[in-house]
Amino acid sequence: MSDSTIRARFAPSPTGHLHVGGARSALFNFLYCRRHGGKFVLRIEDTDIERNIAGAEQKILDDLRWLGIDWDEGPDVGGPGAPYMQSECLDQYHAARDKLLADGHAYYAFETADELNAMREQAQAESGGFKYPRPDPLPTAADAEKARAEGRPVVVRFKTPAEDVSIHDEILGDVTLAAGELDDFVIVKANGWPTYHLAVVVDDARMQVSHVLRAQEHLMNTPKHVLLQRALGVAMPKYAHLPLVFNIDGSKMSKRDKHKAVRQGVKDAIKQNTLTKERVCEITGADAKAVERWIKKKADTELSMEQVVTLAGEIGVDMPEIDVFDFRRSGYMPEALVNFIALIGWSPGGDREKLTLDEMIEAFSLERIGKTAGRFDREKLLAMNLDWCSELPTDRLLVQFKDWAALNDCHLGKLDDDTLSAVIDACRGFKIFPDIVTKAGILFEPDENVVYDDKAVKKNLAKNDGAGFATLEKLRDALAGVDDWSVDHLDAVVKDLVKATGSKMGDVAQPLRVAVAGRPVSPGIGQTLVFLGKDKTLYRIGRCLELRGA
RNA sequence: GACGCCGUAGCGUAGCGGCCGAACGUGCCGGGCUUUCAUCCCGGAGAUCGCGGAUUCGAAUCCCGUCGGCGUCACCA
C-alpha cells in the first residue's frame, strides 16, 4: 500500500515560530505521505527578504520535530529536489520569468506603490473591485530598460488568460473561478525576487509535488497557480484545501492576539496606577512615541514580538498560546497537542478521539477531512493533555518535564531523575506541567520561601483554640523519633496519631501539610514528608509552631 | 462590493435517505470516592441538525432558495 509517486510538502516562511495552524497543515501533509508511503518535503519560503527573521527557520524545524513530525527532504537533510530554500533558487525563478516573458505570458509594469494605491482607491470609489488595467500595447524590454533608468520600479506581471479556471479540490470538490475574476498579478517584484505565486509553482514542479494540502485561505490563490502551471507547461498537483482554524470566539488565531492581550494588560495596569507609560518605555526600550502609538492605535508593528514578550513577563500578563512553542513553554505534551490539532478538521470516524501519531497515520485519509471551519478549544486541549499525562509512562513525562523546566527556569528541573520521576508520579492528575510546581514545588525550595497562607493557618491550625497547633506538636514529637523515613511508614505514623487521638485524617494531615507547605495543598502526606526529608520537615514544623502566638 | 467556502448542543466531532425520539468527547450542573488539591466514578441539563421550500412512504442526510459566519481580493506568504 505504498505509492512512491506521492510527494507532499510543507512550506513555511521563516518569520517566527510555527503557528498551530501551520502545524496542522504540516501534520496533514506528513500524515498523508506516511499513510501512502510518499515523500514528505520541507521547503522554506523566504522570498520576502524584508520579513525574514534570522533563526526562524531553525525554530520552525525544532517545533516540527518537537511535535514528532519529520521529513524526508528539506533544507537540513537535502534531497533530489534541492535546494529547499527559495532564496537559493533565484536563477530558476528568473528562467521561468524569461520563459513566460518570451512566450508572451507575462509583461513588464512600472507603477509605483503610490500610483497603484491611487488607482485602487479610485476604482473602489467608482465601481468596486480593482483590476490591474493591462496596457495596450504591452511594454517591451526596451520600455523596461528605460523605466529602470528613470528610477521607476519594474515588475513583471502575469498575462492572465480570459478563461474560466476550474480546479478539482480533493476536499471541496470542483471550484470554478470565472474568467475576468483574476487580474494580471505580479510574479516578479521590483527587487527581482519572485512573488509567492511564481516561486511556489516553480518549486512544486522541480520537487515534483503531487499533492498540495494547505489551508483554505489559499483557495483563491490556486487558480493563479494553475494558470501559471499551464503557461509554464508543468504538471498540476492535486489540491486539498483544509478548513480554517479559529479562536474559540470565532476570530482569527493570529499573533496579534498576543499584542491584544498585553495591550489590554498595559491599559488596565495604567488605569490602576500600577504602571506608567514611562515604565513601558523602560521595559521595552522603545521610545515614547512608539509606545503611545502601540497602546492607542492598533499598530502592533510599533513593538516587536520580543518587546511584547518582555513586557508581558514584566507586568505579569498571560499571553494566549498561538505558536507550537508557546504550548511547549506552557507545559503541554507534544502527544496531546498533535492529537488535538489533528482533530481540527479531521476525524478518524466513529467515536475515536485519542490517537498516537502512528495511529493517525494508520487512520488518515483525505476523505475524512471535513469542510467546516474549526475552533481551537483550549479547554478541550487541556483535558486532552491531562488524559495523555495520566497515561504516558513516567520516563516519557520526565523528558518533557525537564525540557519545560529548562525553558521556564524552574528549580524542579535541577532534581535528579529518580526524585523528579517520583514528584511527577506523586502529582499524577495534573493538567499541565506548571500544576506540578504548584503542588510540589515548595517542597524543594529553601525553607524560608514557605509563606503561610492566612486562611489555611486559621482553618487548619488556629481554629478551635489552636487544636491544629496542638496536633502539630504531637506530630513533631512522633516524627522526631522516626528512623524509617519512608512513605509507608510515615503514613502509618500519621494514621496512628489519628487513631490515638480519635480524630479524622484531615484533622492531622492538614495541619501538617500547612506546616510544611504553607498551604493546604501538596502530594500525599507521607510522600510530601519524604520529599522534604526529616530535618526539613521538623524545621518547618518548628517554624510553623512559632505562628501560634501571632 | 466582487468572488469563494462553510452552517449538527457553549466548543470539537460522529452520523450523510429509514437503526436519529440524533451519538461521543469536552465544558456546565448535581452526587460519590479521597488526608488536601487534582484525578477518578455515577447522574443530569443542553440540538426543533441556521431558516424556508421542494423531492420522497420517510431528510440532519438529496435539490433549490434565503439568511448568517468566515476567507480572498498586496511588489505577504
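The same atom, C1', is picked in B:C16 and in B:U72; the two are 29 Å apart, to the nearest Å. Of the P atoms belonging to B:U56 and B:C63, the separation is 16 Å, rounded to the nearest Å. Annotation: B:U66 and B:C6 have their C1' atoms spaced 15 Å apart (nearest Å). To the nearest whole angstrom, the two C1' atoms, one in B:G30 and one in B:G46, are 14 Å apart. Spacing of C1' atoms, B:A60 relative to B:C42, comes out at 31 Å, to the nearest Å. Look at the C1' atom in both B:G7 and B:G18: the space between them is 25 Å, to the nearest Å. Straight-line distance between the C1' atoms of B:C62 and B:G71: roughly 27 Å, to the nearest whole Å. B:C51 and B:A22 have their P atoms separated by 16 Å, given to the nearest Å.
At a cut-off of 3.5 angstrom, counting only N and O atoms as typed in the model, there is a donor on one side and an acceptor on the other between the side-chain of A:Glu353 and the base of B:G12.
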task: Kindly indicate, with the supporting measurements, whether the criterion side-chain contact (heavy atoms from CB on, under 4.5 Å) is fulfilled by A:Val245 and A:Arg24.
output: CA-CA 9 Å; A:Val245 183; A:Arg24 194 199 47 165; 3.7 Å; yes

- request: Report the C-alpha distance between A:Phe401 and A:Leu412 in whole Å, list the side-chain angles of each, state the deciding distance to 0.1 Å, and finish with yes or no for side-chain contact (heavy atoms from CB on, under 4.5 Å).
  value: CA-CA 9 Å; A:Phe401 183 86; A:Leu412 290 184; 3.9 Å; yes

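Nucleic acid contact class of A:Gly370 (heavy atoms, under 4.0 Å, all strands): none. Using a 4.0 Å heavy-atom criterion, one finds that A:Lys439 contacts the bases of the nucleic acid, with or without backbone contacts as well. Contact annotation for A:Asn221: base contact, defined as any heavy-atom pair under 4.0 Å involving a base atom. Within the nucleic acid shown, A:Leu512 has no heavy atom closer than 4.0 Å to any nucleic acid atom. A:Ile525 comes within 4.0 angstrom of a base, heavy atoms only. Note on A:Pro153: a base of the nucleic acid sits closer than 4.0 angstrom, heavy atoms only. Nucleic acid contact for A:Gln527: none, since no nucleic acid atom lies under 4.0 Å from a heavy atom of the residue. Contacts of A:Pro523 with the nucleic acid, taken as non-hydrogen atoms under 4.0 Å apart, include base atoms. Using a 4.0 Å heavy-atom cutoff across all strands shown, A:Thr176 reaches sugar-phosphate atoms only and no base atom. Among the heavy atoms of the strands lying under 4.0 Å from A:Ala383 are primed sugar atoms or P, OP1, OP2 only; no base atom is included. Among the protein residues, A:Phe185 comes within range of no part of the nucleic acid, since none of its heavy atoms lies under 4.0 Å from any strand. Here A:Arg43 lies out of heavy-atom contact (under 4.0 Å) with every strand. Residue contacts for A:His241: at a heavy-atom cut-off of 4.0 Å it reaches no nucleic acid atom on any strand shown. Counting any heavy atom pair closer than 4.0 Å across all strands shown, A:Val186 reaches sugar-phosphate atoms only and no base atom.
The partner of B:A2 is B:U72, judged by Watson-Crick or G-U wobble contacts that both fall below 3.5 Å. In a base pair of the Watson-Crick type (N1 to N3 plus N6-O4 or O6-N4) or a G-U wobble (N1-O2 and O6-N3), with each distance short of 3.5 Å, B:G65 is matched with B:C51. A 3.5 Å limit on both hydrogen-bonding distances identifies no Watson-Crick or G-U partner for B:A45. Searching all strands for a Watson-Crick or G-U wobble partner of B:U13 with both distances below 3.5 Å returns B:A23. Of all nucleotides present, only B:G18 satisfies the Watson-Crick or G-U wobble test against B:C57, with each distance under 3.5 Å.
Of the two residues contacting RNA chain B, namely A:Ser13 and A:Val175, the nearest-nucleotide position lying further toward the 5' end is that of A:Val175. Where A:Lys431 and A:Arg352 each meet RNA chain B at their nearest nucleotide, the meeting point lying more 5' is that of A:Arg352.
Listed candidates were B:A74, B:U35, B:A14. Nearest to the side chain of A:Ser347 is B:A14. With B:U26, B:G4, B:A77 as the candidates, the nucleotide lying closest to the side chain of A:Tyr196 is B:A77. Nearest nucleotide to the side chain of A:Lys380, out of B:U39, B:G25, B:U13: B:G25. Side-chain proximity of A:Glu181 to B:C3, B:C75, B:A77: nearest is B:C3. For A:Leu244, counting side-chain heavy atoms from C-beta on, the closest listed nucleotide (B:C70, B:C5, B:U26) is B:C70. Distance from the side chain of A:Leu219 is smallest for B:C5 among the nucleotides B:C5, B:A77, B:U26.
Rounded to whole Å, atom C1' of B:C5 lies 7 Å from atom CE of A:Met220. Counting to the nearest Å, the C1' atom of B:C37 and the CG atom of A:Leu443 are 13 Å from each other. Atom pair A:Asn339:CG and B:U26:P shows a separation of 13 Å (rounding to whole Å applied). Rounded to a whole Å, the CE atom of A:Met119 is 14 Å from the C1' atom of B:C75. Following rounding to the nearest Å, A:Asp491 (CG) and B:U36 (P) show an atom-to-atom distance of 13 Å. In this structure, A:Lys189 atom NZ and B:C76 atom C1' are separated by 7 Å, rounded to whole Å. Atom P of nucleotide B:A74 and atom CD of A:Glu217 are separated by 15 Å, given to the nearest angstrom. Atom pair A:Leu381:CG and B:G25:C1' shows a separation of 14 Å (rounding to whole Å applied).
Of all non-hydrogen atoms in A:Glu321 and A:Tyr332, the two that sit nearest each other are OE2-CE1, 4.0 Å.
Contact check, A:Thr372 against B:G7: a side-chain N or O comes under 4.0 Å of OP1 or OP2. Dashed line: the shortest gap from a side-chain N or O of A:Arg120 to OP1 or OP2 of B:C75 is under 4.0 Å. The phosphate of B:U8 (OP1 or OP2) has no side-chain N or O of A:Lys371 nearer than 4.0 angstrom. At the phosphate of B:U35, neither OP1 nor OP2 sits under 4.0 Å from any side-chain N or O atom of A:Lys495. Note on A:Arg375: every side-chain N or O is 4.0 Å or more away from OP1 and OP2 of B:G10. Regarding contacts with the backbone of B:A77, a side-chain N or O of A:Thr47 is found under 4.0 angstrom from either OP1 or OP2.
Within the 3.5 Å criterion, the main-chain N or O of A:Glu170 finds no donor-acceptor partner in the side chain of A:His241. Remark: the backbone N or O of A:Met333 is paired with a side-chain donor or acceptor of A:Asn385 at under 3.5 angstrom.
For an aromatic pair to be called close, the ring centres must be under 6.0 Å apart, and A:Phe376 with A:Phe246 fails this. Ring centroids of A:Phe10 and A:Phe28 are separated by 6.0 Å or more, keeping the two rings apart. In this structure, the ring of A:His17 has its center no less than 6.0 angstrom from the ring center of A:Phe327.
No option in A:Leu90, A:Val202, A:Ile187 other than A:Leu90 meets the side chain to side chain contact (heavy atoms under 4.5 Å, CB included) test with A:Pro194.
When side chains are defined from C-beta on, A:Leu242 counts as touching A:Ser25, because their heavy atoms get closer than 4.5 Å.
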